[in-house]
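Structure first, then comments.
Below, read A as the first sequence line, B as the second, and so on, with proteins coming before strands; counting in each chain starts at 1.
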Amino acid sequence: MNDVLVTALFLLLAPLAGGVLAGADRVVTARMQGRVGPPLGQPFYDVGKLLQKDARQVNPVAEPLLLGHLAFMALSGALVVGGADLLFTVFVFALAALCLVLAAGSVSSPFSHAGAERELIVLLATEPFFILMLAAVCKATGASTYGGVLASPVAVAAALPGVLLAFLFVATIKLRKSPFDVSASHHPHQELVNGLTSDLSGRLIAWVHLAHWYETALLAVFVTLFFNWSVPLGLAAFLAAYALEVLVDNSTSRAKWQLVLRSSWAVTLVFTGGNLLALFLLAR
Amino acid sequence: MSFFARSPWILHYDGSSCNGCDIEVLACLTPLYDVERFGVINTGNPKHADILLVTGSVNERNVEILGNLYRQMPDPKVVVAVGACACSGGIFARAYNVQGGIDQVLPVDVYVPGCAARPESIIDGVVQAIAVLERKREAAA
Amino acid sequence: MDGGAFLDRVAAYARDGWRLVLINTTAVLPGEATPDGAFDVSWSFARGAELEHLAERVLPGEAVPSISGSFPGAFLYENEMRELFGVEVTGIDVDLQGQLYRTATRVPFSPSAIRARLEATGRLERSGGHGPGTGHPKPEATA
Amino acid sequence: MSDLVVLLIAFPLAVGALLLVVRDAAARNAVVVAACAVVAVATVAAALSFPNAPAFFGLPGAVPLGALDSAILTAEAGLALFVVVVGLRHRRPLGPAMALAQLGIAAWLELTGRLNEPDPGRLFWFDRLTLVLVLIVGLVGPAICVHALGYMRDYQRSYPRTRGRRTSFFGLLFIFLGAMFGLVTSNDLPLLHVFWEATTLCSFLLIGYTRTEETIGYAFRALEMNLLGGLGFSVAILLLAGQPGGLDLARLTSGPAGSAVLPAVALLALAGLAKSAQMPFSSWLLGAMHAPSPTSALLHSSTMVKAGVFLLLRLAPAMAGSAVGSLVAFVGLLTFLAVSFAAVTERNTKTVLAYSTIASLGLVTGCAGVGVPETVWVGVLIVIFHAVAKSLLFLVVGTLENRLYTKDMEQFDGLLSRMRRLSVLALTGIAGMFIAPFGLVIAKWAAIKAFLDVPGWQGAAFLLVMAFGSSLTIFYWGKLLLKVLSTRAVAAEERTLEARVSRFEWAAETALAAAVVAVAAGVGLISEHVVTPYASAAFHAPPRTMLAIPPLTIGLLLLAVLALPVLALWASRRTDYDLTDFYASGRTASAGHRIGGALGTTRQVTLRNYYLEGIVDGRLVFRAGTLVCGLLLAVLVGQGLVSLA
Amino acid sequence: MPNPLALPMVRRSVRNLFSPPATRRYPSHVRAAFPGARGTVEFDLSTCVFCNLCARRCPAVAITCDREHWTFAIDQLRCIACGVCAEVCNKGSLRMTTERRAVRGQLDVPGGGRPGREEWRKPAPAVAAGGAGEG
Amino acid sequence: MKRTVVPMGPQHPVLPEPLVLDLILEDERVVDAVPTIGYIHRGLEAMVERVEYTEMGFVVERICGICSFQHGMGYCLALERIMGVEVPDRARWLRLVWAELARIQSHLLWLGLGADAFGFEHLFMHCWRMRERLLDIFEATTGGRIIHSVNRIGGVKRDIADPELAAIVASLRELGEGFAETARVFRTDPSIHHRLARVGVLPAADAHALGAVGPMARASGIRLDTRLDAGADSGGLYEALGFEPVVEQDGDCLARVLVRVREVEQSIELVRRAVERMPKGEGLPIETKVRGVPDGETFLRLEQPRGEVVYFVRANGSRFLERLRVRTPTFANIPAMIRLVKGCDLADVPNIVLTIDPCISCTER
């Protein structure tokens with residue numbers, strides 16, 4: 001029963017929290033750039049408007065896929081907090097990302113296509129990390145569910161410092177922050193003209209926004225895995241990490257995808273792989 | 001106020017402007033004018049945009065482009081002519097390759113005068129465009 | 001014009017370290033010397049503070065050789081010359097096929113186009129009787 | 001039971017022989033369809049009569065064992081003779097040499113009487129793994145044969161020179177199926193070896209079907225690599241011949257192998273690795289891609305390579321905990337990783353499918369090598385899921401190839417707009433390969449969980465391989481999906497392409513697509529009734545509960561995933577969209593997917609997938625993997641040879 | 001190659017975050033115009049003698065000065081505020097002020113503004129050109 | 001062999017002005033690029049037929065809204081040369097001050113656009129924030145932020161009072177102190193180096209052969225600056241200030257950025273020295289009254305922020321010029337840009353296009 005309640009709460013609150021965080025992100029970004037910036041509720045106004053606006057559809061396939069993106073993104077978070085097997089959720093998470101790739105790629109337009117390909121590369125760059133991260137968490141705690149990890153006496157962050165470090169790196173990619181916002185960007189001057197969402201309009205963009213809010217919430221949940229002795233501490237750590245991402249976002253240029261892929265694999269291999277190896281060697 | 005008034009996303013197209021008005025449009029985004037205060041995002045993509053800001057006049061070649069951009073914007077949408085050239089052809093109205101203001105091609109809702117149009121005027125124009133956007137949404141609803 | 005000798009001179013400029021500064025065309029309206037109009041074409045080269053020009057008068061229908069062999073950056077000037085003035089240029093290495101400007105008025109700087117515009121503004125009598133030489137009308141009364 | 005098994009072996013062989021002489025197309029179609037029906041019914045009957053416990057049996061009636069022995073020897077001699085003849089005719093002496101060596105071993109054993117008499121009641125072994133393989137061979141195999149009826153008609157239009165050989169093609173398909181049935185049911189190693197070599201020979205003939213210089217080269221490569229494995233098999237028989245009960249597969253694999261039989265197990269594993277196209281033997285399967293698509297489908301999904309992993313899975317309890325097991329595991333997982341890298345740089349669709357097959361089999365091999373109940377559970381599941389999904393994909397690609405005259409996936413642009421039905425079938429197959437919660441993803445997930453318990457650095461290494469390999473899998477399948485799912489404004493005539501696909505092809509593909517969904521939906525049942533009991537029996541210990549996700553969740557997820565294409569199809573009835581309304585920097589787009597281009601031209605918008613140029617060098621990774629795995633195998637074989645000496 | 005971890009812009013980002021924004025909050029705060037700024041050309045009918053000099057010299061042809069009907073107009077949407085007219089006017093009837101010219105709506109423009117071309121105002125064709133398998 | 005076709009432009013957010021590039025890609029490597037311009041062609045050279053030479057300056061300074069001051073100045077210089085007008089000293093120095101201010105403004109604007117092209121939004125914002133200081137100076141001294149209309153044949157229309165000049169120098173010093181930090185970002189930021197270093201390398205020989213000018217040529221190690229060579233616009237003033245052009249050697253995108261960064265610093269210093277050197281005092285003449293009509297032709301070069309601009313003017317003794325030809329720096333730099341785009345990555349295209357600091361409206365007129 002408790003699981004059902006937590007799942008329902010997540011499904012309801014995650015977009016709210018994600019939206020507020022996105023709004024705070026925009027305000028802080030503006031302030032870092034010396035501007036006033038939009039009101040805190042701006043992301044909600046944007047989504048509200050997008051839902052009211054006409055949608056020009058280029059093909060009939062994109063919208064179902066985008067709804068799939070939203071649904072699976074919400075589901076993967078819900079599965080985690082709802083007590084499903086952690087390692088299984090990573091595949092649902094990947095499926096959600098894939099839906100977005102396919103929605104963009106289903107339009108045979110050069111910019112959407114390039115965005116889709118880059119998002120696929122982003123998936124390739126981050127997926128190994130998420131698999132290894134969850135495997136490491138499971139290995140360190142001996143648990144296989146969110147509840148199990150929280151109940152474990154092992155302090156995950158202490159056991160997995162390398163993985164946590166790598167998480168910070170990979171989160172930059174997943175949060176679409178500079179220097180790793182290669183597949184989509186809210187910055188106006190971008191060679192891909194938003195890439196993934198180039199050919200979406202109206203409510204179709206709203207689905208992408210909502211899904212991203214769920215994704216942000218899921219990343220927050222992932223951080224609480226590391227701070228399994230105190231969920232509030234985990235959330236605070238996530239906020240701190242997010243603030244750091246915003247700072248880096250405002251202090252770097254956008255990298256090329258080749259660098260994103262190479263560096264993310266290197267970080268995954270060295271920090272996550274190294275930590276995992278240590279875990280296995282010390283386990284006996 | 002509906003969501004439209006709080007989230008007007010703009011698309012800027014340079015018809016055949018001298019860059020003067022273009023850079024003033026861009027300057028509106030930068031810290032000293034910061035139109036993001038009004039929820040404005042410079043989208044660069046007609047499919048995301050609510051307001052089309054056009055600088056520069058119409059010539060033979062950009063008729064087609066302007067038409068495509070306008071058509072690709074989902075309803076409701078508003079066109080703002082920024083600067084003398086976009087409003088009327090300005091000083092270049094008599095040049096052989098200039099057909100005149102963009103209202104030759106698109107239904108212009110707001111005219112922003114000036115050569116170059118000042119950022120304050122452009123902000124005025126956007127604010128007025130938001131009101132037009134709101135009226136159009138109500139009319140459609 | 002003697003195309004071969006001209007290209008040799010241009011090649012000498014390239015060899016001696018000059019750079020191309022401008023290829024300029026000026027339309028000459030029909031007059032006594034040039035009943036169909038003509039073009040004054042000049043090629044300007046610079047080396048440091050030095051500046052030298054090659055000038056040719058080209059009659060309609062006459063072709064000008066491209067100098068893009070010696071100065072690869074020349075193609076833009078030459079395409080422009082052909083598109084705006086109607087001066088035929090032979091052997092451009094990057095031929096833009098008349099798609100550089102795609103003006104509404106074809107060849108807007110041809111003597112006849114200029115003449116038509118001048119007539120439309122009333123600055124030129126439609127009969128077109130005016131003095132020799134550079135061709136443009138002498139100042140009419142600007143009361 | 002035993003009657004059915006003998007029927008399953010003998011009937012296809014007989015039909016095959018019959019088809020070799022039937023020249024009339026209509027008659028052939030009738031024979032093939034009828035024979036397929038019989039095989040499928042017999043397969044189901046065999047499955048239904050499975051007594052829920054491993055069964056051993058001999059030949060029905062009183063066939064004297066001596067007759068069997070001489071039959072085996074005769075068959076071996078016949079096979080060797082055939083290899084010698086073709087090998088000499090094409091001046092490829094390596095194959096004949098190995099075939100003669102095998103014949104020599106068999107003959108020596110037989111003539112010197114060193115071969116222990118097999119237990120007449122234990123010639124055949126039918127347990128749950130056999131059940132799985134029999135179902136795959138007996139259901140997927142016929143589907144491929146039916147598909148081939150339509151496919152080969154069109155294929156001959158593309159390759160007119162092969163016209164006369166259609167007869168032998170269908171005959172070979174059935175002989176292949178018969179040999180496979182024999183292979184998966186045999187318990188006596190010399191008997192198994194005959195079927196083993198028979199499949200090698202069938203694949204040789206099928207790969208070289210077009211008889212161009214190129215395909216003959218590939219056919220010989222396949223022959224030689226598999227004969228090398230077969231030679232290992234022969235040597236293993238030689239080593240085991242002296243051991244009491246050593247040639248009884250069930251006894252050999254009843255538990256961890258002692259040091260006396262371990263070298264033989266290693267050599268048997270070598271045979272399995274060669275047949276399942278693991279590195280360094282992967283190149284034969286890639287070469288086999290040049291054969292007609294039914295051949296590819298057959299080799300990849302239900303026969304040839306499945307025989308390899310079948311043997312490895314059989315050997316898993318024997319290899320467990322030994323260095324042989326570790327070596328096999330590393331070969332499998334390294335192969336998985338290396339070919340996944342290679343696949344992302346490949347644009348020939350069939351080659352991508354081939355890499356994916358090798359990768360999946362690598363995973364099975366790895367699982368077999370790790371040798372714990374959980375990994376064997378995973379391995380068997382992969383075999384099942386892979387067989388249905390991959391056969392479907394090969395058949396669909398075959399159909400596409402005959403319609404579009406290309407295997408280049410870059411030419412599949414706008415497939416959804418051009419061939420809607422085929423796209424849905426392709427989507428189903430691709431989804432089966434890598435989308436949660438279809439079987440292969442369940443299997444990968446379970447493998448990761450199982451590897452978590454592998455102690456020491458190996459566990460970490462396996463997990464790294466899984467993490468990177470799985471991500472690469474997502475990348476190359478994702479690219480293919482992008483092509484299949486893409487829409488574009490196409491010319492009207494392109495939308496009639498589908499109309500010419502034969503009903504044989506539709507029938508086979510639809511059935512397999514249904515099977516993909518069915519096994520995904522039934523994964524809980526399959527696990528509970530087949531795979532888990534098998535793993536328990538093989539290791540005398542039950543695997544940990546593997547499906548921690550409640551089957552209900554998987555079912556719901558499956559429904560959600562399946563809802564996507566349904567929604568998409570439903571949505572495609574809408575008319576409020578415009579395929580030319582894409583963003584083209586303000587340029588005018590028009591039908592035929594053309595836009596205004598530079599310099600006043602119009603330009604067709606073409607889109608090309610990314611191949612990670614400059615980041616991943618597929619050939620280099622493939623070569624490196626081949627080299628490393630070759631060294632590992634040298635160690636493996638070295639052990640066997642040292643003990644022989 | 002610079003240090004990959006040193007991000008020199010971080011200082012500016014942090015400093016900005018904790019300082020007030022540089023934004024001039026137009027329209028709630030309106031900055032006074034610079035004294036010599038060229039804003040609007042103002043016309044005083046009472047002193048004008050309709051000499052037409054301004055109209056002839058205006059490079060943008062924004063002035064219509066009709067001597068016969070005693071009418072005078074400046075098209076503010078065409079005016080480039082170069083100041084030539086004010087400079088040449090002997091009577092001081094034209095004056096350059098620092099005031100910004102007002103933004104106009106469609107209805108405020110003489111003639112109501114042109115409607116643009118008909119074809120662009122139509123909705124996009126509802127035909128799925130080569131729709132997915134509609135054939 | 002199938003390739004991706006990316007239609008970049010005419011409307012593309014990376015391109016501030018309409019410019020068409022058909023990019024043919026493999027992965028994201030540009031294997032071919034077909035450019036087209038011509039969307040901003042107005043035909044303003046032909047406006048000499050309808051606008052008298054006295055007002056033609058207003059048209060010329062609207063060739064481009066970024067280097068507007070130099071365009072107005074160049075037109076006046078050409079006419080002054082034809083008509084043999086001597087410009088008062090103070091006016092010449094004032095023109096130099098405005099020209100350098102315009103260079104700072106233009107470079108800051110460009111540095112911002114360039115930063116946005118490689119995805120550094122904050123840097124864009126910051127450069128444009130600094131640029132507003134220049135615009136305020138311009139508006140206070142000329143009456144216009146963008147289009148200044150302060151030149152006239154024979155001199156300038158407005159004087160800047162000496163205290164105001166001192167204030168400008170002080171303001172620029174403050175700007176320079178702030179800019180030092182920004183310059184350090186351009187010089188040392190690793191993410192900028194990743195995007196710009198060794199990207200779009202134009203060797204000196206190619207730069208020369210393709211006729212590159214301005215910062216584009218100077219970044220490739222060519223000491224080419226019209227302020228130095230022709231002396232047309234300054235009549236020796238720059239020499240008096242000890243001017244030496246900024247030259248970088250690498251020829252890549254980063255070098256082109258750094259040339260402009262250094263020129264901002266240089267121009268701040270040039271303004272300071274010019275204010276020091278110029279004749280001071282109230283009521284000094286700033287313009288020579290011009291009478292009559294021009295007759296004859298001239299060929300004039302001067303250094304705009306983007307490089308060498310060429311004016312060819314032919315007058316025939318009427319109030320209407322016979323021919324005006326403006327060859328802007330971008331026109332000269334486009335061949336080099338086209339060469340650089342081939343073989344780069346899609347993500348490099350904006351950087352390469354922008355580092356020539358393209359001004360298409362200049363180019364097409």
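At least one side-chain heavy atom of F:Asp27 sits less than 4.5 Å from a side-chain heavy atom of A:Trp257. A:Arg118 is listed as a side-chain neighbour of F:Glu28, based on a closest heavy-atom distance under 4.5 Å. Two residues are said to be in side-chain contact when any heavy atoms from C-beta on lie closer than 4.5 Å; A:Gln33 and F:His126 fail this criterion.
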For F:Asp345 and A:Gln258, what are the C-alpha separation, side-chain angles and deciding distance, and is it a side chain to side chain contact (heavy atoms under 4.5 Å, CB included)? CA-CA 10 Å; F:Asp345 276 350; A:Gln258 291 92 336; 3.1 Å; yes
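In this structure, no portion of F:Pro190 lies under 4.5 Å from any heavy atom of chain A. Contact of F:Val5 with chain A is made through the backbone alone, with heavy-atom distances under 4.5 Å.
Scanning both residues, A:Ser253 and F:Arg195, for their nearest heavy atoms gives OG-CG, 4.1 Å. Closest heavy-atom contact between F:Asp189 and A:Ser251: OD2-O, 3.6 Å. Residues F:Ala347 and A:Lys256 come closest through the heavy atom pair CB-CD, 3.9 Å.
Note: A:Asp249 CG to F:His122 NE2 = 11.0 Å, rounded to the nearest 0.5 Å.
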